[in-house]
2 protein chains.
Amino acid sequence: MLLLSKPLELPVNQDKILQSLVTENLVSDPESARGRLLREAARLFREKGYERTTVRDLAAAVGIQSGSLFHHFRTKEEILKAVMVETIRLNTALMQAAMSSADSNREKLRALVSAELESINGQTGEAMAVLVFEWRSLSEASRAEVLKLRDIYEALWLDVLTGLKQEGALVADPFIVRRMLTGALSWTVTWYRPDRGGLTQDGLTDQVVAMLGLS
Amino acid sequence: MLLLSKPLELPVNQDKILQSLVTENLVSDPESARGRLLREAARLFREKGYERTTVRDLAAAVGIQSGSLFHHFRTKEEILKAVMVETIRLNTALMQAAMSSADSNREKLRALVSAELESINGQTGEAMAVLVFEWRSLSEASRAEVLKLRDIYEALWLDVLTGLKQEGALVADPFIVRRMLTGALSWTVTWYRPDRGGLTQDGLTDQVVAMLGLS
DNA sequence: GTTTACAAACCAAGCGCTTGCTTGGTATGG
DNA sequence: CCATACCAAGCAAGCGCTTGGTTTGTAAAC
């Protein structure tokens with residue numbers, strides 16, 4: 001779907017997770033018309049912002065007429081919502097998978113940080129940026145829907161952070177730490193470029209863990 | 001100017017700094033027509049976003065006709081730029097003042113965190129949120145202008161963080177830490193409510209410093 | 001194995017409305 | 001008297017979305 005510009009480069013387990021979500025109809029097939037549209041939408045929404053992206057832009061990006069968009073989606077906003085909802089669904093699943101292979105809370109946190117950096121700076125990056133910067137363009141109703149999904153995602157983090165607090169490994173409040181991490185990690189979309197420049201994604205994960213005194 | 005909804009409640013030194021900037025013509029007088037317009041613009045841009053705020057909205061907020069706006073600003077984008085530029089100017093000055101009364105780098109960092117939280121969640125909060133979320137709506141030229149001002153601001157942080165690194169108080173890279181802090185602190189605009197709820201701004205500052213292992 | 005049926009996917013055209021901004025003129029204060 | 005600040009009216013362009021009709025894929029009916 002929208003999230004994958006080079007699906008073939010995905011690790012096997014990630015691809016498996018995606019495919020199972022596709023068969024459950026929770027995310028669109030990246031190769032379907034809907035999936036391609038959502039991917040282009042994520043790209044354009046990130047590049048120019050939701051409001052500055054016209055339905056004509058979206059249509060041109062997938063090679064159809066602007067009116068034909070409304071055969072797939074009833075409104076422009078529904079496209080934005082779909083980008084967000086499917087992104088959260090996929091990343092929640094990926095994050096659960098990343099955590100499941102870790103034993104200690106320290107390892108789990110590292111897995112979470114790493115997975116979130118991957119979601120923000122990897123294949124789903126454009127959609128994640130849309131999630132961060134364009135949520136105000138959602139209607140009240142859509143926003144509630146998206147927030148509900150996000151709560152599931154957030155619960156994963158809070159479990160681990162609360163555990164670390166009880167172990168004494170964490171000094172600050174888990175809720176505060178999570179919110180700070182949300183901001184810090186989201187913000188990497190504005191400056192971190194994994195391709196050019198020395199810092200790898202693993203290196204960045206190290207830095208984050210070090211900053212929290214958990215390395 | 002735009003930043004102060006209740007100027008009379010400001011600490012004396014902050015008010016002095018503002019006034020000196022006003023006389024230097026670096027920021028608009030909050031009580032001038034231009035100043036009131038910029039304050040309302042910041043409020044509306046934050047509330048609905050730049051694109052969704054019309055010139056008619058802006059005009060109505062200060063009680064004039066939409067066309068009359070263009071007597072004060074040549075374009076709508078110029079209003080956005082003015083909000084950003086004046087906000088950075090004021091906050092840079094406030095931050096320099098906050099730092100000057102601190103001796104050690106530890107104290108200076110605390111002053112910086114506290115000052116940035118104040119700028120984000122205090123009187124200049126609406127304008128700061130605009131700075132975070134609406135920079136994509138600037139033209140290329142305006143963006144360069146804003147970024148140039150922001151560099152001065154950022155240099156303050158990097159000086160202190162580099163000092164802490166040399167002292168061995170900081171494990172991670174100063175540049176990375178600053179960028180993470182930018183994200184973490186900016187993000188507080190989305191969740192932190194200093195008025196209702198137990199956490200004070202000082203308490204939040206404590207949490208941030210604790211998170212970095214610098215308390 | 002051709003025909004029929006029909007829904008899904010799309011096009012061409014454009015409607016009605018909102019947008020940023022312009023214009024020509026009028027108050028008002030120093 | 002003249003600049004500053006405003007109003008009333010509206011223009012041209014661009015917007016999301018609708019409409020009526022055409023193509024395409026698929027699968028049952030004969």
Side-chain angles (χ1 to χ4, degrees), chain A residues 1-2 22 25 28-45 47-84 130 134 136-143, chain B residues 1-2 22 25 28-45 47-84 130 134 136-143:
Chain A
M1 42 97 51
L2 59 149
V22 168
N25 260 329
S28 310
D29 186 341
E31 290 173 44
S32 70
R34 184 187 156 100
R36 268 181 293 118
L37 173 58
L38 288 180
R39 181 172 62 233
E40 291 300 319
R43 218 199 68 229
L44 287 167
F45 289 165
E47 191 181 308
K48 332 201 313 175
Y50 171 76
E51 303 285 351
R52 297 163 87 93
T53 303
T54 69
V55 293
R56 287 166 180 83
D57 291 335
L58 291 170
V62 292
I64 58 174
Q65 291 295 104
S66 68
S68 305
L69 273 186
F70 296 89
H71 176 74
H72 300 280
F73 297 90
R74 274 178 312 176
T75 63
K76 183 189 170 190
E77 195 221 334
E78 205 172 78
I79 300 177
L80 178 62
K81 194 181 85 178
V83 168
M84 293 184 170
V130 172
E134 306 295 341
R136 265 184 320 178
S137 296
L138 285 177
S139 68
E140 205 76 28
S142 304
R143 209 177 303 179
Chain B
M1 45 93 52
L2 58 150
V22 168
N25 260 328
S28 310
D29 185 341
E31 290 173 43
S32 69
R34 183 186 157 101
R36 267 181 294 119
L37 172 59
L38 288 179
R39 180 172 63 233
E40 290 301 315
R43 217 199 70 230
L44 286 167
F45 289 166
E47 190 180 308
K48 331 201 310 175
Y50 171 76
E51 303 286 350
R52 296 163 87 95
T53 303
T54 70
V55 293
R56 287 165 180 82
D57 292 334
L58 291 170
V62 292
I64 59 174
Q65 292 295 101
S66 70
S68 306
L69 274 185
F70 296 88
H71 175 73
H72 300 280
F73 297 90
R74 274 179 312 177
T75 63
K76 182 189 170 191
E77 196 222 332
E78 205 172 79
I79 300 176
L80 178 63
K81 194 180 84 177
V83 168
M84 294 184 170
V130 171
E134 305 296 341
R136 266 184 321 180
S137 295
L138 286 178
S139 69
E140 205 75 29
S142 304
R143 211 178 300 180

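- Residues from residues 47-55 of chain A lying near DNA chain D, meaning a heavy-atom separation below 4.0 Å, are A:T53, A:T54, A:V55 in numerical order.
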Residues 58-75 of chain B side chain polar contacts: donor-acceptor under 3.5 Å, at least two apart:
unit_1, atom_1, unit_2, atom_2, d
B:R74, NE, B:E78, OE2, 3.4
B:R74, NH2, B:E78, OE2, 3.2
B:T75, OG1, B:E78, N, 3.2

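- Across all non-hydrogen atoms, the minimal contact from B:G35 to B:S32 is N-OG, 3.0 Å.
- Screening residues 55-66 of chain A for salt bridge (charged side-chain N to carboxylate O under 4.0 Å, His left out) gives A:K48-A:D57 as the qualifying pairs, with residues at least two apart or on separate chains.
- Contact record, B:A82 with B:L38: CB-CD2, 3.8 Å, taken as the closest heavy-atom pair.
- In this view, B:K76 satisfies the salt bridge (charged side-chain N to carboxylate O under 4.0 Å, His left out) rule with no residue, not counting sequence neighbours.
- B:R43 is linked by a side chain to side chain donor-acceptor pair (under 3.5 Å) to B:E40, counting only residues two or more places apart in sequence or in another chain.
- Judged as a side chain to side chain donor-acceptor pair (under 3.5 Å), and not counting sequence neighbours, the contacts of A:S142 are A:E77, A:S139.
- The nearest whole Å value for the distance from the CZ atom in B:R56 to the C1' atom in D:dC11 is 11 Å.
- Protein chain A contacts DNA chain C over a range whose 5' and 3' limits, counting nucleotides with an atom under 4.0 angstrom from a non-hydrogen atom, are C:dA8 to C:dG14.
- Expressed to the nearest 0.5 Å, how far CG of B:D29 lies from CZ of B:R36 amounts to 10.0 Å.
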Atom pairs under 3.5 Å, N or O on each side, protein against nucleotides 3-7 of chain D: can you list them with distances?
unit_1, atom_1, unit_2, atom_2, d
D:dA5, OP2, B:H71, NE2, 3.1
D:dC6, OP2, B:H72, NE2, 2.7
D:dC7, OP2, B:Q65, N, 2.6
D:dC7, OP2, B:S68, OG, 2.9

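- Scored by the salt bridge (charged side-chain N to carboxylate O under 4.0 Å, His left out) test, A:E51 finds B:R52 as partners (sequence neighbours excluded).
- For B:R136, the salt bridge (charged side-chain N to carboxylate O under 4.0 Å, His left out) partners two or more places apart in sequence, or in a different chain, are A:E134.
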